[in-house]
Amino acid sequence: MTGVKTKRHFKLKMPGAFVILFILTILAVAATWFIPAGSYSKLSYNKPSSELQIKKPGGQIEKVPATQHELDKLGVKINIKQFTSGGITDAISIPNTYQRLKQRPARIAAVPNSMVRGTIEAVDIMVFIFVLGGLIGVVKASGAFESGLIALTKKTKGHEFLLIFLVAVLMVLGGTLCGIEEEAVAFYPILVPVFIAMGYDSIVCVGAIFLASSVGTCFSTINPFSVVIASNAAGIDFTQGLNWRVVGCAVAAAFVIFYLHWYSKKVKDNPESSYSYEDHESFNKMWSVTSTDNGENTAFTARKKFILILFVVTFPIMVWGVMAKGWWFPTMAASFLTFAIIIMFLTATGRFGIGEKGVVDAFVNGASSLVGVSLIIGLARGINIVLNEGMISDTMLQFSSNLVSHMSGPVFIIVMLLIFFVLGFIVPSSSGLAVLSMPILAPLADTVHIPRYVVVTAYPFGQYAMLFLAPTGLVMATLQMLDMKYSHWLRFVWPVVAFVLLFGGGILVAEVLVS
């Protein structure tokens, strides 16, 4: 009997998150050798001396009085109150001050060095994620997750999409009002096990949380970290163009909810149609909460209900703190840790308590499970460090401003949308891109006789169309957290990117024509 050899087909496999970021770091280092170095003069407000401070491309520092007259002399069309009141805190680029500088090529040592420094810079969000992981570990150890899910799945039988709908709406609102996509990482632990119990896959989880919040941020209405700071840097009031942004956000929300409904129904009807089906077993093993016995451990006791209430309430408190009190990751981490300590006490004590060692081990194990996610965030920041220190970001901005000069209005704004799309890869921070680009690009709207608010509207459309894809943003951390392949995410998200560019472009052209 002769054996039959099976022909092996070559299959291209997308590398994991760490390898992708490592490759991008090497490419960033290479870019500093070929893209000319240059910089604009940077303007900031020195609060202790109540003066404006100008840092020139050569590094010289000049101080001038904090008056509107001085801003007008510099060609910065921004109200001085935006600086003195704290509306603009980061240094902004001064128009017409770009200078070529001596090339600053990064060495090969910059690859590991930037990775370490990026991780150090990201320590605030890393600590937040560790505390969040510890909190999750303790709640899981208490059995509250398991018992609560059993009760919830019984009540939602036949109406599973309603929860996805509500979560997506809340995430869109959080994104458009305060840019909550970074903080949205905190919602995975509470929602992913629920979605799994309802029969959905990892992509539905990311879609309802990360995608929805990012769509909201993309179509920001009054988000202070996006259109508000961009409007300030452009020298206009953020209410200009608000009606257009509200309509755009409403249509975008309807689109993303429809898309989630289509995909979730498809997965519900046939689990094998899931884009991430090949990894569903490992995903379910990581996130699902399964019952191990039918005794007291699965009964939804008053203590478990109280633990679950404490766990859930941490999230609206976090949202309130971010929106009303200006909390950032250290304060959010402290808030989560406070609730974690209370839950640890409740889990350790009582008839079925697991003791001091049990809750400490649960906290440590929960935190350690998110080490990979934390490192991804640090490595992504390392790429931005290489680009900034190579002084090539401003060169690309200068090239962009020259590219769009003297174009017709509709062509100008579409090209501007594409420019922000490219810049979104280099500067993934919404506030960072706003203060870097708006003082340079917004005044160009005057040369083609269109309102500056149209450029402000174009900026989040272009940037977030890129951030749905760019490994330099939150995508890789999100995928690492849910153990999802980048190729699976690309297959799901490309229609959303196309929608943002086409629909967003349509809104921008309409704004130009109506104005």
Side-chain angles (χ1 to χ4, degrees), residues 37-99 101 179 220 223-238 240-241 384 387-389 391-402 404 416 419-420 423-424 426-447 451-460 462-463:
S39 176
Y40 288 93
S41 294
K42 304 296 181 182
L43 178 68
S44 59
Y45 178 66
N46 189 306
K47 193 171 183 179
S49 65
S50 300
E51 292 178 306
L52 292 172
Q53 181 173 289
I54 302 170
K55 183 178 181 181
K56 298 189 175 180
Q60 307 93 331
I61 303 293
E62 179 185 346
K63 292 184 178 180
V64 298
T67 64
Q68 192 65 51
H69 176 68
E70 290 294 336
L71 288 180
D72 293 340
K73 282 170 58 179
L74 293 169
V76 178
K77 306 300 183 182
I78 301 175
N79 193 309
I80 188 63
K81 290 182 180 179
Q82 297 294 346
F83 291 93
T84 57
S85 66
I88 295 177
T89 56
D90 295 329
I92 70 166
S93 303
I94 301 176
N96 303 315
T97 60
Y98 176 81
Q99 291 182 21
L101 298 172
S220 290
N223 176 7
F225 307 108
S226 179
V227 292
V228 173
I229 195 170
S231 298
N232 291 344
I236 61 174
D237 189 275
F238 77 90
Q240 295 184 41
N384 301 127
L387 297 174
N388 290 335
E389 293 188 348
M391 304 295 284
I392 62 177
S393 299
D394 280 10
T395 298
M396 300 187 70
L397 185 59
Q398 169 69 3
F399 172 79
S400 301
S401 64
N402 291 335
V404 297
M416 193 69 78
I419 286 171
F420 284 121
L423 292 177
I426 302 168
V427 188
S429 164
S430 57
S431 58
L433 183 57
V435 298
L436 172 71
S437 64
M438 281 302 146
I440 305 301
L441 297 180
L444 295 177
D446 302 340
T447 66
R452 294 189 180 188
Y453 71 76
V454 185
V455 177
V456 172
T457 306
Y459 127 80
Q463 184 185 37

With rounding to the nearest 0.5 Å, note down the distance linking CD1 in Ile392 to CZ in Phe399. 13.5 Å
Return the set of residues passing side chain to side chain donor-acceptor pair (under 3.5 Å) with Gln99 (not counting sequence neighbours), or none when no residue passes. none
Partner set under side chain to side chain contact (heavy atoms under 4.5 Å, CB included) for Asn46, not counting sequence neighbours: Pro48, Ser49, Gln53, Lys63
Checking Ser226 side chain against Ser220 main chain: does a donor-acceptor pair fall under 3.5 Å? no
By side chain to side chain donor-acceptor pair (under 3.5 Å), which residues pair with Tyr98, not counting sequence neighbours? Thr395
In terms of heavy-atom contacts, Thr97 and Ser41 come closest through OG1-N, 3.0 Å
Any chance you could measure Thr457, atom OG1, to Arg452, atom CZ, to the nearest 0.5 Å? 14.0 Å
Sorted by first residue and then second, give each salt bridge (charged side-chain N to carboxylate O under 4.0 Å, His left out) pair with at least one member in residues 42-52; sequence neighbours left out. Lys42-Asp394
Using a 3.5 Å distance criterion without hydrogens, assess whether the side chain of Tyr459 forms a donor-acceptor pair with backbone atoms of Ser430. yes
To the nearest 0.5 Å, tell me how far Leu43 CG sits from Glu70 CD. 10.0 Å
Ser437: what forms a side chain to side chain donor-acceptor pair (under 3.5 Å) with it, not counting sequence neighbours? none
Using every non-hydrogen atom in the two residues, find where Ser39 and Leu101 come nearest and quote the distance to one decimal. CB-CD1, 3.9 Å
Would you check if Asn388 and Ser393 make a side-chain contact, meaning some heavy-atom pair closer than 4.5 Å? yes
Quick one: pull up OG in Ser93 and CD1 in Ile440 and give me the separation to the nearest 0.5 Å. 5.0 Å
What I'd like to find out is whether the side chain of Val76 reaches to under 4.5 Å of the side chain of Pro439, using heavy atoms alone. no
Intermediate values then yes/no, side-chain contact (heavy atoms from CB on, under 4.5 Å), Thr67 and Leu52: CA-CA 8 Å; Thr67 64; Leu52 292 172; over 6 Å; no
Could you measure the distance from the CG atom of Leu423 to the CG atom of Leu433? Nearest 0.5 Å is fine. 5.5 Å
Who passes salt bridge (charged side-chain N to carboxylate O under 4.0 Å, His left out) against Lys56, sequence neighbours left out? Glu62
Roughly how far, to the nearest 0.5 Å, is CD1 of Ile80 from CG of Leu71? 4.0 Å
Output all residues satisfying side chain to side chain contact (heavy atoms under 4.5 Å, CB included) with Ala234, sequence neighbours left out; order by chain, then residue number. Ile236, Met438, Ala442, Val456
Stepwise, does the side-chain contact (heavy atoms from CB on, under 4.5 Å) test hold for Val455 with Phe420? CA-CA 10 Å; Val455 177; Phe420 284 121; 4.1 Å; yes
Tell me every residue that passes side chain to side chain donor-acceptor pair (under 3.5 Å) with Gln398, counting only those two or more places apart in sequence or in another chain. Tyr40
Using side-chain contact (heavy atoms from CB on, under 4.5 Å), reason through Gln68 and Asn79 one step at a time and then give a plain yes or no. CA-CA 7 Å; Gln68 192 65 51; Asn79 193 309; 3.9 Å; yes
